[in-house]
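Take a look at the structure set out below.
Any value given below was found using the heavy atoms of this structure, including those in side chains, with hydrogens, waters and symmetry copies removed.
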Amino acid sequence: MGEPDGAGGSARDVTGRGSDVAFFGALGVLAALVFAPSLKTAFFADDFGYLALTRRPGWWHSGTVWDLSAQVVRPITILAVGVQQELFGLRPLRFHVVGLGLVLLGGVLGFVLAGRLGLGRFGARATAAVLVLHAANGWTVMWTASTSSLYVVLLSLAAAVVAAAVHQGRARRAAVAGLVVLALLARDVAIVLPALLVLVRMVVVDGPPRRRLRRAVLDTLGAWVAMVAFVGIRFAAAAFARAHPDPDRLVPVLDGGSFRRALPDSPRHLHDLFVLGASPVRMRMGPTGLAFPWWTVAIAVALWALVVVGAVLEARRGRWVAAAGVAWFAVAIVPPAFLQAEITYVNYVDLAVPGIALAVGALAERIAEPLGAPGRRGLAAAGLLVLALAAHHGAASVIRPRPDIISRAVEIELQVRADYPDPAPGSTIVVRDARPEDPLWTSNGDQIRLLYDDPTLVVVFEPPSG
């Protein structure tokens with residue numbers, strides 16, 4: 001006699017969960033190998049500002065951390081950096097390992113979301129693999145300040161997982177709204193999160209497209225209200241701050257005119273973000289931004305063409321996950337493309353990556369459907385190998401050879417140590433032969449204040465006399 005359905009199903013579930021744990025364990029080891037160069041990098045640029053801030057007494061409840069009127073609001077990241085500094089001291093490797101753990105956690109949430117959207121185990125694992133083995137993660141693991149990108153992705157995926165439940169009660173809707181607010185406190189690109197949640201709900205609910213859209217908007221109404229209220233509070237706080245100027249303000253007041261200032265750079269941002277979405281095999285980061293060799297751009301164009309065509313074909317068969325993934329990416333690149341002036345950093349593709357991951361996961365599952373077990377294992381191994389090689393070379397190419405944004409901080413530290421072996425508290429430190437970008441890349445001198453553990457030091461950047 002065979003086992004009852006319930007017993008057999010339970011046994012299969014236990015086996016499946018065990019294989020999922022093994023999969024993520026192996027994926028974590030692979031990610032550590034892929035991003036090993038990033039794990040070995042010291043602190044640089046904005047890292048010094050975060051670390052210096054979290055060494056001040058009462059920093060965690062200060063107005064600097066919770067200033068909603070500021071142009072940039074990152075309390076989630078600041079709190080995380082402060083806790084890690086309390087636990088680890090100034091040991092960058094431990095910070096980077098935490099970043100790698102956050103990347104892996106994002107893969108787990110992507111796996112759960114893909115399953116709730118209807119993908120099987122193969123497609124869900126493919127989604128997780130793309131999320132974890134993406135070249136942009138090399139930058140976010142390396143640069144502690146950019147873990148704001150990891151936190152916004154984690155919180156957004158968590159909101160999407162809750163929103164993907166078929167039945168949405170008050171508790172779930174309240175949880176989604178709360179997660180939207182937390183995501184906005186991690187990084188302002190989460191302003192588009194309610195729109196992403198609409199895409200998720202449209203995959204889950206049934207009916208013709210117009211009815212599904214209406215239902216999805218109603219189901220995510222709490223997220224929209226939370227987002228609008230949060231943005232309204234920020235602009236109200238900014239208006240109050242402008243009426244009561246504070247000369248000691250560290251971060252400029254939120255200014256709606258930043259959109260106009262960013263417009264001239266938007267075409268370049270869009271180009272960079274689409275290439276970044278394809279997990280580029282090679283890239284360079286310099287003072288003027290990112291640069292890609294032509295063949296990397298060609299690979300990105302070919303990949304996007306395959307993904308878009310595949311998503312359209314899947315949609316015609318009534319399978320909407322790939323199309324939703326492409327739409328997710330297109331929506332999520334809007335904030336960094338049109339709200340950020342100057343250069344495109346690698347982590348700016350942050351919230352868009354789950355979109356390409358879902359699309360690739362759905363298409364991988366479609367390709368694997370007619371294959372037997374050996375074929376699926378071969379496809380999975382080949383896919384992981386391609387992802388790992390692309391991510392390793394892409395991530396390492398940003399820091400080998402190390403760009404000035406990283407190496408210049410080391411040069412300044414060596415110079416200052418030689419010129420000021422034991423400065424008196426509150427004294428003035430002069431950085432000789434300073435470059436125009438040195439204040440930015442030392443976080444306005446916080447690197448030096450952190451070096452001597454003296455927040456009262458005055459740092460002056462003296463340009464070359466010639």
Side-chain angles (χ1 to χ4, degrees), residues 38 40-56 59 62 64-65 70-72 74 77-78 81-82 84-85 88-93 95-96 99 139-149 247-252 284-290 340-347 398-399 401-465:
S38 297
K40 300 174 183 177
T41 304
F43 297 123
F44 65 96
D46 288 356
D47 290 350
F48 302 122
Y50 281 84
L51 293 165
L53 174 61
T54 58
R55 293 178 77 86
R56 299 173 185 172
W59 64 270
S62 69
T64 303
V65 174
Q71 186 77 32
V72 177
R74 300 280 191 273
T77 306
I78 297 173
V81 169
Q84 291 172 72
Q85 184 173 213
F88 308 144
L90 298 176
R91 297 178 178 87
L93 174 61
F95 285 75
H96 301 331
W139 184 261
T140 49
V141 167
M142 173 183 65
W143 192 15
T144 297
S146 73
T147 52
S148 59
S149 292
D248 297 326
R249 171 177 289 276
L250 296 177
V251 182
R284 283 284 181 268
M285 172 64 75
T288 58
L290 281 168
Q340 172 66 42
E342 301 172 353
I343 68 177
T344 313
Y345 286 99
V346 178
N347 61 294
V398 183
I399 56 177
R402 289 191 174 181
D404 284 349
I405 193 173
I406 300 175
S407 61
R408 181 59 181 160
V410 177
E411 295 173 5
I412 290 173
E413 178 178 341
L414 293 174
Q415 175 190 318
V416 169
R417 281 187 183 277
D419 291 348
Y420 302 92
D422 188 21
S427 58
T428 298
I429 305 294
V430 178
V431 179
R432 296 177 289 102
D433 299 326
R435 303 175 187 176
E437 63 270 15
D438 283 348
L440 176 64
W441 290 349
T442 61
S443 194
N444 293 315
D446 277 335
Q447 175 196 8
I448 298 162
R449 298 183 189 96
L450 197 65
L451 175 65
Y452 295 109
D453 198 16
D454 182 2
T456 65
L457 287 175
V458 177
V459 181
V460 176
F461 296 89
E462 185 178 85
S465 56

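Between the side chain of D454 and the backbone N or O of G426, at least one donor-acceptor pair lies under 3.5 Å. Formation of a donor-acceptor pair under 3.5 Å by the R402 side chain with backbone atoms of I399 is not found in this model. Judged by distance alone, with hydrogens and angles left aside, the side-chain atoms of D46 form no donor-acceptor pair with the main-chain N or O of A145 at under 3.5 Å. Under the 3.5 Å distance criterion, the side-chain polar atoms of S427 are left unmatched by any main-chain donor or acceptor of P423. Looking at H96, its side chain does come within 3.5 Å of a backbone N or O of T41 through a donor-acceptor pair. Side-chain N or O atoms of N347 include none that pairs as donor or acceptor with a backbone N or O of T140 at under 3.5 Å. Between the side chain of Q447 and the main chain of A409, a donor-acceptor pair closer than 3.5 Å is present.
Salt bridge annotation for E411-R435: present, with a cationic side-chain nitrogen under 4.0 angstrom from a carboxylate oxygen.
Looking at heavy atoms from C-beta onward, L90 lies in side-chain contact with R55 at the 4.5 angstrom threshold. Residues R417 and L451 have side chains in contact (heavy-atom distance under 4.5 Å, counting atoms from C-beta outward). V416 has its side chain within reach of I429: a pair of non-hydrogen atoms, C-beta onward, lies under 4.5 Å apart. Two residues are said to be in side-chain contact when any heavy atoms from C-beta on lie closer than 4.5 Å; W139 and S146 meet this criterion. Put simply, the side chain of D438 reaches to within 4.5 Å of the side chain of R408, judged on heavy atoms. For the pair T442 and F461, the minimum side-chain heavy-atom distance is below 4.5 Å.
Here the closest heavy-atom approach between residue I406 and residue M142 is recorded as CD1-SD, 3.9 Å. Across all their heavy atoms, N444 and R449 have their closest contact at O-NH1, 3.0 Å. Here the closest non-hydrogen pair linking L457 and A424 is CD2-O, 3.9 Å. Q85 and T54 get closest at one heavy-atom pair: NE2-OG1, 2.6 Å. Contact detail for M285 and L290: the closest heavy-atom pair is CE-CD2, 3.8 Å. Of all non-hydrogen atoms in A418 and P421, the two that sit nearest each other are O-CD, 3.9 Å.
Rounded to the nearest 0.5 angstrom, L53 CG and S62 OG are separated by 5.5 Å. In this structure, CH2 on W441 lies 4.5 Å from CD on E437, to the nearest 0.5 angstrom. With rounding to the nearest 0.5 Å, the separation of CD in E413 from CZ in F43 is 11.5 Å. From L450, atom CG reaches atom CG of D47 across 10.0 Å, with rounding to the nearest 0.5 Å.
Just one residue in the list T144, T147, T77 forms a side chain to side chain contact (heavy atoms under 4.5 Å, CB included) with Y50, and that residue is T77.
In this structure, the ring of W143 has its center less than 6.0 angstrom from the ring center of F44. Between Y452 and Y420, the ring center distance fails the sub-6.0 Å criterion.
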Stepwise, does the side-chain contact (heavy atoms from CB on, under 4.5 Å) test hold for L93 with K40? CA-CA 6 Å; L93 174 61; K40 300 174 183 177; over 6 Å; no
From CA spacing to verdict: side-chain contact (heavy atoms from CB on, under 4.5 Å), V431, I448: CA-CA 10 Å; V431 179; I448 298 162; 3.7 Å; yes
Before you tell me yes or no, could you show the steps for W59 and T64 under side-chain contact (heavy atoms from CB on, under 4.5 Å), namely the whole-Å CA-CA distance, both residues' side-chain angles and the distance that decides it to 0.1 Å? CA-CA 8 Å; W59 64 270; T64 303; over 6 Å; no
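Here S38 pairs with nothing under the side-chain hydrogen bond (donor to acceptor under 3.5 Å, both in side chains) rule; sequence neighbours left out.
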